[in-house]
Amino acid sequence: MKRSCGILMHISSLPSPYGIGTFGKEAERFADWLKSAGQKYWQVLPIGPTGYADSPYQPFSSFAGNPLLIDLDDLVESGWLAKSSVDDADYGADPTFVDFDKVSRSKMALLREAFAGFTDDVGYTSFVIDEQDWLEDYALFTALKSKFGSKPYTQWDEDIKMRKPEALKRWREELSEEIKFVKFVQYVFWRQWDRFHRYCNKNGIQLIGDIPIYVSPDCADVWAQPELFELNEKHEPKRVAGVPPDYFSKTGQLWGNPLYNWQEMHKTGYKWWLQRIGKAQESFDMLRIDHFRAFDTYYAIPAGELTAERGVWEKGPGMELFNAVKNDLGDVNIIAEDLGDIFESVKKLLRDTGFPGMRVLQFGFNAEHTDNDHLPHNYPANCCAYTGTHDNSTIMEWLREADPRAKAMAKSYVDQRLFERFNMACVRTVYASPAALAIIPMQDILGLGKEARMNVPSTVGGNWKWRMLPGKLSAAKAEKLRALAETYFR
């Protein structure tokens with residue numbers, strides 16, 4: 001990995017007239033700005049269809065794309081959608097955040113209107129054939145979800161919940177038009193994604209994607225292949241994912257995702273994981289795998305627990321999985337999210353894979369003024385360094401709320417220069433570190449505070465909404481970043 005730098009900002013956070021960022025002109029404008037700012041990478045959050053609490057980490061599929069990110073102007077240009085329909089829809093009035101309810105309602109109605117104006121073409125036919133391994137189950141799952149009033153699949157009629165062959169046949173026939181609509185939406189999504197990806201690459205910008213370690217309990221993957229997960233006879237999780245109590249949470253974090261049946265995964269040669277990583281490898285130039293430690297040891301909490309206090313550590317697949325990945329897919333560019341309390345065995349797995357881990361500047365500053373792995377002088381070259389991630393405070397919010405002793409340590413360490421804002425001093429400090437890759441959240445480039453935080457872990461509601469206002473991509477800011485990138489050979 002060459003010494004380089006990039007920005008972390010999800011597609012949904014881009015400005016647009018339609019209530020949420022998309023793959024449209026603003027995405028291309030941002031790629032142009034990144035190039036002018038001397039950046040090589042654009043990291044985004046997971047791009048799957050969001051489910052519970054609008055979280056990109058709880059998608060309805062590990063393979064499908066999020067319809068809300070589709071560019072509506074492209075549909076108008078294709079002749080499938082009237083411009084007046086797009087202009088008249090209600091996407092919410094505040095450009096600083098995504099009103100998911102309004103955006104979802106308006107956008108799905110517009111996509112249905114576009115579908116009504118669509119006639120099968122060669123591209124659509126090829127897409128349906130090429131992607132059938134995941135698309136058939138996802139399209140039926142989504143159509144059924146609509147039919148059953150958005151209820152979790154475990155509350156559907158017993159025969160289709162359990163995928164009885166006669167029920168599958170009957171529902172495929174009955175919901176054929178809705179199934180085709182779902183496939184059309186995915187065709188549009190991936191067609192636009194491909195165009196957007198190529199535009200970024202043409203400008204020298206590489207895309208970093210994000211793979212959530214777990215899947216949602218209510219998703220097409222679990223419904224279609226329940227044997228790959230730890231489920232009981234009612235298809236409910238026997239045990240769920242999370243992390244134990246630690247410095248950040250006295251009762252731990254109870255995520256509620258079903259755990260993998262690694263024994264069954266092993267029997268299949270890890271086929272599902274190979275397909276998942278393979279699809280992501282096609283879509284991105286580099287991948288970040290969330291909660292990488294679970295491949296070595298994962299925390300299992302009995303279903304029904306109210307906190308994460310009574311879990312046990314279990315052994316994951318380790319190098320066996322990554323050997324299978326290498327044999328099937330070759331060398332995949334992966335960043336391993338190795339944050340939190342890490343066992344020595346997890347560090348060994350990271351060394352064995354050769355993947356770069358993560359370092360977060362914010363984590364380095366502490367009230368005790370003690371040395372640690374997150375202080376830049378300790379960064380190995382083979383790592384990806386951040387000022388913060390989507391789960392942290394922005395750096396300016398951290399500065400306002402941190403313990404005074406930690407704040408004093410931070411100010412001393414980054415050695416803020418005359419007329420230099422604290423956020424840019426932190427960017428400079430990360431750029432100057434030995435880390436091969438430096439990725440900075442856009443909020444920290446802009447010096448934004450609490451209002452721009454993307455997610456507060458273990459909370460539901462109010463997350464994932466931040467949007468950048470139009471006009472914030474100044475030439476002066478790009479020039480400052482480019483100068484820093486050149487100074488520190490990025």
Side-chain angles (χ1 to χ4, degrees), residues 46-52 56-67 108 111 115 124-191 193 211-212 214-231 233-237 257-261 264-265 267-283:
I47 57 172
T50 49
Y52 181 64
Y57 292 89
Q58 297 278 358
F60 286 126
S61 165
S62 297
F63 300 88
N66 184 355
M108 294 313 293
L111 287 171
F115 176 58
Y124 172 80
T125 306
S126 300
F127 173 78
V128 169
I129 292 168
D130 292 345
E131 306 294 334
Q132 61 186 314
D133 278 358
W134 64 267
L135 185 59
E136 292 299 326
D137 282 321
Y138 172 72
L140 179 56
F141 174 87
T142 307
L144 284 162
K145 201 154 185 60
S146 182
K147 177 71 178 176
F148 287 108
S150 298
K151 287 179 185 172
Y153 90 87
T154 49
Q155 294 176 28
W156 296 352
D157 293 351
E158 191 67 16
D159 57 354
I160 192 61
K161 170 182 134 178
M162 304 305 289
R163 292 176 61 87
K164 303 288 185 197
E166 63 278 9
L168 289 169
K169 183 173 183 294
R170 185 178 79 252
W171 282 114
R172 281 197 179 107
E173 289 169 1
E174 187 174 325
L175 300 175
S176 59
E177 194 63 13
E178 184 70 11
I179 287 168
K180 190 174 179 186
F181 166 66
V182 177
K183 290 178 179 178
F184 162 75
V185 170
Q186 289 303 307
Y187 166 56
V188 170
F189 178 95
W190 289 110
R191 187 181 78 157
W193 177 268
I211 297 182
Y214 292 119
V215 302
S216 166
D218 181 34
C219 73
D221 307 87
V222 178
W223 174 67
Q225 300 183 78
E227 69 281 0
L228 298 180
F229 303 89
E230 280 195 25
L231 306 177
E233 63 285 350
K234 292 180 180 176
H235 280 216
E236 295 159 345
N257 309 79
L259 297 171
Y260 296 112
N261 180 345
E264 191 62 34
M265 291 270 189
K267 282 185 201 167
T268 66
Y270 301 102
K271 183 183 175 185
W272 181 84
W273 268 103
L274 297 179
Q275 288 173 327
R276 190 184 190 197
I277 292 175
K279 176 70 174 168
Q281 189 184 26
E282 286 172 20
S283 310

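Just so you know, these numbers use all the heavy atoms, side chains as well, and skip hydrogens, waters and symmetry mates. Small disclaimer: the values here were computed from a predicted structure and weren't measured.
Between the side chain of Trp156 and the backbone N or O of Phe148 there is no donor-acceptor pair closer than 3.5 Å. Formation of a donor-acceptor pair under 3.5 Å by the Thr142 side chain with backbone atoms of Tyr138 is found in this model. Looking at Gln132, its side chain does come within 3.5 Å of a backbone N or O of Ile129 through a donor-acceptor pair. Judged purely by atom type and a 3.5 angstrom limit, Gln186 uses its side chain to pair as donor or acceptor with the backbone of Gly65. Checked by atom type and distance alone, the side chain of Asp157 never pairs as donor or acceptor with a backbone atom of Ile160 at under 3.5 Å.
Closest non-hydrogen pair, Gln275 versus Asp133, comes out as NE2-OD2, 3.7 Å. Here the closest non-hydrogen pair linking Gly269 and Leu274 is O-CD1, 3.6 Å. When all heavy atoms of Pro217 and Gln58 are compared, the closest pair comes out as CD-OE1, 4.0 Å. Of all non-hydrogen atoms in Pro258 and Ser216, the two that sit nearest each other are CD-C, 4.0 Å. Between Ala139 and Val182 the shortest heavy-atom distance is CA-CG1, 3.7 Å. Shown here for Pro67 and Leu111, the closest heavy-atom pair between the two residues is CB-CD1, 3.9 Å.
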field: Test log, rule salt bridge (charged side-chain N to carboxylate O under 4.0 Å, His left out), inputs Glu174 and Lys147
entry: CA-CA 10 Å; Glu174 187 174 325; Lys147 177 71 178 176; 3.7 Å; yes

- request: Dump the intermediate steps for side-chain contact (heavy atoms from CB on, under 4.5 Å) on Thr154 and Asp218, then the final yes or no.
  value: CA-CA 8 Å; Thr154 49; Asp218 181 34; over 6 Å; no

task: List the steps and the verdict of side-chain contact (heavy atoms from CB on, under 4.5 Å) for Leu135 and Phe127.
output: CA-CA 9 Å; Leu135 185 59; Phe127 173 78; 3.7 Å; yes

message: Run Tyr153 and Lys161 through side-chain contact (heavy atoms from CB on, under 4.5 Å) and show every step you take.
response: CA-CA 6 Å; Tyr153 90 87; Lys161 170 182 134 178; 4.2 Å; yes

task: Output, in order, the C-alpha distance, side-chain angles, deciding distance and verdict of side-chain contact (heavy atoms from CB on, under 4.5 Å) for Arg172 and Leu140.
output: CA-CA 7 Å; Arg172 281 197 179 107; Leu140 179 56; 3.9 Å; yes

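Side-chain contact between Lys271 and Met265 is absent, with no heavy atoms from C-beta onward closer than 4.5 Å.
For residues 180-191, every residue pair satisfying the salt bridge (charged side-chain N to carboxylate O under 4.0 Å, His left out) rule, not counting sequence neighbours, is listed here: Asp74-Arg191, Asp120-Lys180, Glu136-Lys183.
By the ring pair (Phe, Tyr, Trp, His ring centres under 6.0 Å) test, Phe181 is found to be paired with Phe115, residues two or more places apart in sequence or in another chain being considered.
With rounding to the nearest 0.5 angstrom, the CG atom of Asn257 is 9.0 Å from the SG atom of Cys219. Atom OH of Tyr187 sits about 12.5 Å away from atom CD of Glu131, to the nearest 0.5 Å. A distance of 7.0 Å separates OG in Ser150 from CZ in Phe60, rounded to the nearest 0.5 Å. Atom CG in Asp137 sits 7.5 Å away from atom CD in Gln225 (nearest 0.5 Å). Within the model, atoms CZ of Phe229 and NE2 of His235 stand 11.5 Å from one another, a figure rounded to the nearest 0.5 Å. Rounding to the nearest 0.5 Å places CG of Leu228 at 6.0 Å from OG1 of Thr268.
Between Trp134 and Phe141, the ring center distance fails the sub-6.0 Å criterion. When ring centroids are compared, Tyr214 and Tyr260 come within the 6.0 Å threshold.
Trp272 and Asp221 share a side-chain donor-acceptor pair at under 3.5 Å.
Checked for salt-bridge contact, Lys267 and Glu264 meet the test: a charged N lies under 4.0 Å from a carboxylate O. Taking 4.0 Å as the cut-off between side-chain N and carboxylate O, Arg170 and Glu166 do not count as a salt-bridged pair.
Within the cation-pi definition used here (under 6.0 Å to the ring centroid, within 45° of the axis), Lys279 qualifies as a partner of Trp190.
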